[in-house]
Amino acid sequence: MLPIQLFRQHKDLVLEGLKKKNFRDLDLVDKIIELDERRRHVQNENDTIAASVNAASKNIGQLMAKGDKEQAEQLKAEVAAHKEKAKELAQKLSELEAEQQDMIIRLPNLPHSSVPAGKTPEENEVVRIGGTTPNLDAQKLPHWELAAKYGLIDFELGNKLTGSGFPVYMGQGAKLQRALISYFLTYNIDAGYKEYYPPYMVNEASAYGTGQLPDKEGQMYHATADNFYLIPTAEVPVTNIYRDTIVTEAELPVKMTAYTPCFRREAGSYGKDVRGLNRLHQFDKVEIVQLAHPDRSYETLDSMVAHVEKLIQSLGLQYRILRLCGGDMSFTSALTYDFEVYGAAQERWLEVSSVSNFEMFQANRMKIRYKDSNGKTHLVHSLNGSSLALPRIMACLLENHQTPEGINIPEALGPYFGKDKIN
RNA sequence: GGAGAGAUGCUCGAGUGGUUGAAGAGGCACGCCUGGAAAGUGUGUAUACCUGUCAAAGGGUAUCCAGGGUUCGAAUCCCUGUCUCUCCGCCA
């Protein structure tokens, strides 16, 4: 949610940003500004009348204490006349506040100046490509066949237990999963991130805080009996740890990491995109989240990109980094880098991480602030990224490191997996 | 799931209708004291919005879990919800 001050002070920037993000309903901006003026006017009236009622009440109290009943009764009658008007204004004010909130909440975050214009994923900018494509022979297999060949994952069994998109990992497949989680977490912790193990379900307030609600409830599984949502990413519970808190400037940046499974309904997707591990309803992910000083959040973003890049490199995978164009960015993001890894058998790029700076968009919703040396509070900037999403990493590890003798496990995973080959 | 108790500021904790945004204590910050420290001592220490201003100071409104209600006036009374604790039941 954009701060209202931004509309009042920099309307042009708001409009420019919204256009870049391909937001259509630009009239909303003027409506918000107009509504804001009305709201302030009404608040002024409301405050004035409330002040007079308060003063009169105080007077009545003093008169009562003195025993001057007559005077008190007279004042009461006077106040009663104001009361109706006061109630009306208070009602009006809360209506206007709600209306304003409803409008602002519909506006996406503004893109950073470096975000390329564009509407579709094709217009994303390739920042760089790293790693190398393995030389696989003609017998190369896609990961779902490798998974079957080595008994790593049973997709059919998942269908039986739950439904499609809920694979069962087993044997060395399960172990590889566990090894990846441990490796990623340790890697993050070594870089100064504090590990958290959060709930897998969140309440409405949390889902609202990171921007899943309203509007995107269709993407989450909803436990209606208790009104909880299964988390679509660890970002939700982890960022909300700091909801409604004020930290000192010295505490920034706050660096957090967590492993969680992620649950996504992915309604409407089907076909070859969802083959094997490419798209699941439940998958594992290790997430990194930072709360940064507004002046330094882009340095933070760069450092997170470098951090994720190094992690992918250590797995010996070919990857590319994209800077998303305005139209392909998420609602809440100001700048997003996507990491894609090349699946050498499928011959497709697969997204394995998305590193974003949300600037103050989430912080404003969640009221995450810091206090500067003058004692003034400001919103922090929030950032997050995957490091990393497991299924597609596993898919690419299987595909890219396959040999006739088995699947080579990258050296970095040795301490966690305990073997250098799946066979 | 059943019964009961409770939710106050950074923390503890007082407060059952009238200058209570909130006593007291602790913590923290700054000053004094000191050769330096401790002790002592003084001051300060919530958030949002409105107003004001180049900034600020200042003024106003709201907030004592949340949302409603009673009242001229609510932290204090009533209703609903949430959460916590204790006991019982169940249970990995």
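Just so we're on the same page: letters track the sequence lines, and every chain starts at 1.
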Does any nucleotide pair with B:A57 by Watson-Crick or G-U wobble geometry, both distances under 3.5 Å, and what is it? none
When the aromatic ring centroids of A:H293 and A:Y370 are compared, is their separation below 6.0 Å? yes
Tell me the interatomic distance from A:K371, atom NZ, to B:A29, atom P, rounded to whole angstroms. 15 Å
Without decimals, in angstroms, what is the distance between A:M366 CE and B:A48 C1'? 18 Å
Atom-to-atom span, CD of A:Q5 to P of B:U51 - whole angstrom: 11 Å
Atom-to-atom span, CG of A:L63 to P of B:G73 - whole angstrom: 16 Å
Using a strict threshold of under 4.0 Å (side-chain N to carboxylate O), is an ion pair present between A:K31 and A:D27? no
Should B:C64 form a Watson-Crick or G-U wobble pair with both distances under 3.5 Å, which nucleotide is its partner? none
When the ring centroid of A:H381 is compared with that of A:F361, is the distance short of 6.0 Å? no
Could you tell me whether A:D338 and A:R323 have a side-chain N and a carboxylate O separated by less than 4.0 Å? no
What is the pairing partner of B:G52, taking Watson-Crick or G-U wobble pairs with both distances under 3.5 Å in any strand? none
Charged N-O contact under 4.0 Å between A:E73 and A:K76: yes
Using a cut-off of strictly less than 4.0 Å, decide whether A:K376 has a side-chain nitrogen or oxygen near OP1 or OP2 of B:A56. yes
Suppose you measure atom P in B:A14 against the same atom in B:U71; what distance do you get, rounded to whole Å? 32 Å
Checking N1-N3 plus N6-O4 or O6-N4 for Watson-Crick, or N1-O2 and O6-N3 for wobble, each under 3.5 Å, the partner of B:C87 is B:G2
Please give the distance between the C1' atoms of B:U20 and B:G31 as a whole number of Å. 29 Å
Could you tell me whether a side-chain N or O of A:R392 sits under 3.5 Å from a main-chain N or O of A:N278, the two making a donor and an acceptor? yes
Which whole-number value in Å describes the distance from A:L89 CG to B:C50 P? 17 Å
Applying the Watson-Crick and G-U wobble criteria at under 3.5 Å, what pairs with B:U70? Answer none if nothing qualifies. none
Please report whether the ring centroid of A:H307 lies less than 6.0 Å from that of A:Y193. yes
Please say whether more than 12 non-hydrogen atoms of neighbouring residues, nucleotides or ligands are located less than 6.0 Å from NZ in A:K216. yes
Would you measure the distance from the C1' atom in B:C88 across to the matching atom in B:A48 and give it in whole Å? 44 Å
Say you pick atom P in B:A25 and the same atom in B:U45; how far apart are they, in whole Å? 16 Å
Please tell me if A:K83 has a side-chain N or O lying less than 4.0 Å from either OP1 or OP2 of B:G73. yes
Using only heavy-atom distances, determine whether the side chains of A:N109 and A:S333 contain a donor-acceptor pair under 3.5 Å. no
Nucleotide B:U45, atom P - distance to CD1 of A:I246 in whole Å: 15 Å
Pairing partner of B:U20, by Watson-Crick or G-U wobble and under 3.5 Å for both distances, is none
Take atom CG of A:L379 and atom P of B:U47, then tell me their distance rounded to the nearest Å. 13 Å
Protein and nucleotides 18-20 of chain B: nitrogen or oxygen contacts under 3.5 angstrom:
| residue | atom | partner | partner atom | Å |
| --- | --- | --- | --- | --- |
| B:G18 | N2 | A:S57 | O | 2.9 |

Same-atom distance (C1') from B:A92 to B:A7, integer angstrom: 30 Å
Hunt down the Watson-Crick or G-U wobble partner of B:U82, both distances under 3.5 Å, from any strand shown, or write none. B:A7
Please report the distance, rounded to the nearest Å, between OH in A:Y370 and P in B:A46. 19 Å
B:G2 and B:G13, which share atom name C1', separated by this distance in whole Å: 32 Å
Under a 4.0 Å heavy-atom cut-off, which of residues 38-55 of chain A touch RNA chain B? A:R39, A:R40, A:Q43, A:N44, A:D47, A:A50, A:A51, A:N54
With under 30° as parallel and over 60° as perpendicular, where do the rings of A:F263 and A:Y200 fit, or are they tilted in between? tilted
Between B:A5 and B:G68 - P atom distance, rounded Å: 26 Å
Taking a pair to mean Watson-Crick or G-U wobble geometry with both distances below 3.5 Å, B:G42 pairs with B:C30
If the C1' atom of B:A75 is compared with that of B:A56, how far apart are they to the nearest Å? 33 Å
Does A:E235 reach the main-chain N or O of A:V289 with its side chain, forming a donor-acceptor pair under 3.5 Å? no
